[in-house]
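The chains referred to below are lettered A, B, ... by the order of the sequence lines, with proteins before strands, and numbering in each begins at 1.
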Protein chains: 2
Amino acid sequence: MIELDGMVRETNGTKAARTTTAAETPTVVDYGPLEEWIGFHLRLAQNASFQAFAREARGIDVSPGRFATLLLIGRNPGISQTALSRANARDKSSLTPVLEDLERRKYIRRVRPKSDRRSYRLMLTPAGERLLKQLTACATTHDRNLDRIIGPRERERFLRTLKKIVAELAPANGNGTVK
Amino acid sequence: MIELDGMVRETNGTKAARTTTAAETPTVVDYGPLEEWIGFHLRLAQNASFQAFAREARGIDVSPGRFATLLLIGRNPGISQTALSRANARDKSSLTPVLEDLERRKYIRRVRPKSDRRSYRLMLTPAGERLLKQLTACATTHDRNLDRIIGPRERERFLRTLKKIVAELAPANGNGTVK
DNA sequence: TATTGTTATACTCTATAACTATA
DNA sequence: TATAGTTATAGAGTATAACAATA
């Protein structure tokens, strides 16, 4: 179980300990500069968003982290593992156990193309398509919640800012590729 | 090594495969609805931001993930492990090995208060203070980069939105606490 | 030589449940 | 009984390096 202290407190660095507990730990925690740092809140927000999506998707047969993988295969039938790992910003070796699991459970198929017998072409099975539909429905609901929270006006701006952060924080190596 | 495909492509779902590779995998990946979903970009942005901070903090003696822990102890000397775990949105058991490591390396001290001998009161050692200063400098630089990317006007709005997401996506249990 | 995917391995982060020592 | 922190354990997620098969 996790509990997250509410972060409502004075904006400056003043500590407002209530000193009621026996151990004399501050009841109100001082977050200092954390309070104003983008990076920290980016972490909390990503965490909260993922948890909410997971709640939405509870009861579905795969973990929510598989969603992007399934969607990318569904959208790009025949994609190779290497291309998929790049699209998802993960190393190809991280993908091996994931795809093994999805194949074992008959959600994807892997075909050796005769043109290049080192590689695989990935595609969803009908069961995989159904699974993806379920997850997509959850994601849609979740995203609608986020819309409601953010507001339709704000949403575009917010998304643009997120994309900007990704684009500009990638290590400069000439082509926008993270190495 | 990770490579992330640039995500510049047509906004609708049309696939624009160049079919130049032998394996016939699409050269341009179709991200479908992912392209417009907040949750996905929140993940990418948080990832990019953390990586950038890690680059900033390379060479420092602790991993960047320790930063929040050290800062919270520094700001709240005498805080208990339970209070710390709550403030950082982690289970207390996750904290044990972290604090053991920090204590072994003499960055924090743990004192048994006579008032409650079950608990610890955590505080930084002088070395811990120095370490925190270093990390804070890195975080400040990093956050200035983010400011430059986001823009000073946008920044406040963006931060407010992040906080709003955290506040509203916490499971409803009456008091803003995540259970 | 270079690339695709696998293997072996390891590290970080995180959690649950049961435990101990206090309270 | 309840709480603070630890232990035992496990799982997800991720990475690097070396490798075999193929190009």
Side-chain angles (χ1 to χ4, degrees), chain A residues 1-4 20-25 43-44 46-47 50-51 53-54 57 62-69 78-86 88-104 108 110-122 178-179, chain B residues 1-4 20-25 27 43-44 46-48 50-51 54 57 62-69 78-104 108 110-122 178-179:
Chain A
M1 295 301 173
I2 301 168
E3 295 178 53
L4 175 60
T20 41
T21 36
E24 285 172 54
T25 51
R43 194 246 275 178
L44 294 182
Q46 135 72 16
N47 198 60
F50 187 79
Q51 299 280 103
F53 176 50
V62 296
S63 81
R66 302 279 196 267
F67 177 51
T69 300
I79 193 173
S80 73
Q81 297 190 185
T82 300
L84 177 57
S85 76
R86 286 177 185 181
N88 206 19
R90 302 275 116 90
D91 190 85
K92 59 190 160 71
S93 71
S94 310
L95 216 48
T96 300
V98 172
L99 297 178
E100 253 161 19
D101 175 61
L102 291 175
E103 187 180 43
R104 189 181 51 73
I108 64 167
R110 299 201 276 188
V111 180
R112 290 274 189 204
K114 49 185 182 302
S115 53
D116 184 348
R117 308 223 336 270
R118 295 170 304 183
S119 69
Y120 278 123
R121 300 174 62 176
L122 306 171
V178 183
K179 256 270 152 53
Chain B
M1 293 301 173
I2 302 169
E3 296 178 51
L4 176 60
T20 40
T21 36
E24 287 172 53
T25 52
T27 303
R43 195 248 274 178
L44 294 182
Q46 134 72 16
N47 198 60
F50 187 79
Q51 298 280 104
V62 296
S63 82
R66 303 280 195 264
F67 177 52
T69 301
I79 193 173
S80 72
Q81 298 191 183
T82 300
L84 177 57
S85 76
R86 284 177 186 181
N88 206 18
R90 301 275 115 90
D91 189 86
K92 59 190 162 71
S93 72
S94 310
L95 217 48
T96 300
V98 172
L99 297 177
E100 252 162 21
D101 175 61
L102 290 174
E103 186 180 44
R104 190 181 50 75
I108 64 167
R110 299 202 275 188
V111 180
R112 290 274 188 204
K114 50 185 181 305
S115 53
D116 183 348
R117 306 223 336 270
R118 296 170 302 180
S119 70
Y120 279 122
R121 300 174 61 175
L122 307 170
V178 183
K179 257 271 154 51

Enquirer: Between atom CD in B/E100 and atom P in D/dA8, what is the gap in whole Å?
Expert: 11 Å

Enquirer: Expressed in angstrom and rounded to an integer, what is the separation of A/F50 atom CZ from C/dA15 atom P?
Expert: 13 Å

Enquirer: B/T96 side chain N/O closer than 4.0 Å to the phosphate oxygens (OP1, OP2) of D/dT6?
Expert: yes

Enquirer: Of the candidate nucleotides C/dT7, D/dG5, D/dT3, which contains the atom at the shortest distance from the side chain of B/S80?
Expert: D/dG5

Enquirer: Would you mind reading off the distance between B/K114 atom NZ and C/dA23 atom P, rounded to a whole angstrom?
Expert: 13 Å

Enquirer: If you assign B/L99 and A/R66 each to the DNA chain D nucleotide with the nearest heavy atom, which residue ends up on the more 5' nucleotide?
Expert: B/L99

Enquirer: B/S93 side chain: which of C/dA17, D/dG5, D/dA23 is closest?
Expert: C/dA17

Enquirer: Is any side-chain N or O of A/R110 closer than 4.0 Å to OP1 or OP2 of C/dT4?
Expert: no

Enquirer: Does B/T82 have a side-chain nitrogen or oxygen under 4.0 Å from the phosphate oxygens OP1 or OP2 of D/dT3?
Expert: no

Enquirer: Starting from P on C/dT6, measure out to NZ on A/K92 and report it in whole angstrom.
Expert: 10 Å

Enquirer: Is a donor on one side and an acceptor on the other found under 3.5 Å between the side chain of A/R112 and the backbone of A/R118?
Expert: yes

Enquirer: For a quick test of reading the model: is some side-chain N or O of A/Q81 closer than 4.0 Å to OP1 or OP2 of C/dT6?
Expert: yes

Enquirer: Measure the CZ-CG distance between A/R66 and A/L102 for me, rounded to the nearest 0.5 Å.
Expert: 5.5 Å

Enquirer: For the side chain of A/N88 and the backbone of A/R90, is there at least one donor-acceptor N/O pair under 3.5 Å apart?
Expert: no

Enquirer: Hey, does the side chain of B/R117 come within less than 4.0 Å of D/dG5's phosphate (OP1/OP2), counting only N and O?
Expert: no

Enquirer: Check every atom of C/dT16, D/dG5, D/dT16 against the side chain of B/D91 and return the nucleotide holding the closest atom.
Expert: C/dT16

Enquirer: Taking only N and O in the side chain of B/S94, is any of them less than 4.0 Å away from OP1 or OP2 of C/dA15?
Expert: yes

Enquirer: Ignoring the backbone of B/D116, work out which of C/dA23, C/dT7, D/dT6 is nearest its side chain.
Expert: C/dA23

Enquirer: Between CG of B/D101 and OG1 of B/T96, what distance do you get to the nearest 0.5 Å?
Expert: 12.5 Å

Enquirer: Take atom CG of A/D101 and atom P of D/dA12, then tell me their distance rounded to the nearest Å.
Expert: 9 Å

Enquirer: Hey, does the side chain of B/R90 come within less than 4.0 Å of C/dT14's phosphate (OP1/OP2), counting only N and O?
Expert: yes

Enquirer: Looking at CZ of B/R121 and CD of B/Q81, how far apart are the two atoms once the value is rounded to the nearest 0.5 Å?
Expert: 13.5 Å

Enquirer: Roughly how far apart are B/I108 CD1 and B/Y120 OH, rounded to 0.5 Å?
Expert: 10.0 Å

Enquirer: Heavy-atom nearest nucleotide on DNA chain C for A/R112 versus B/V98: which residue maps closer to 5'?
Expert: A/R112

Enquirer: Among the nucleotides C/dT7, C/dC13, C/dT4, which one has an atom lying closest to any side-chain atom of A/R118?
Expert: C/dT4

Enquirer: To the nearest Å, give me how far apart CZ (A/F67) and C1' (D/dA12) are.
Expert: 19 Å

Enquirer: I need the CG-P distance between B/N47 and D/dG13, as an integer number of Å.
Expert: 14 Å

Enquirer: Please report the distance, rounded to the nearest Å, between CZ in A/R121 and P in C/dT4.
Expert: 15 Å

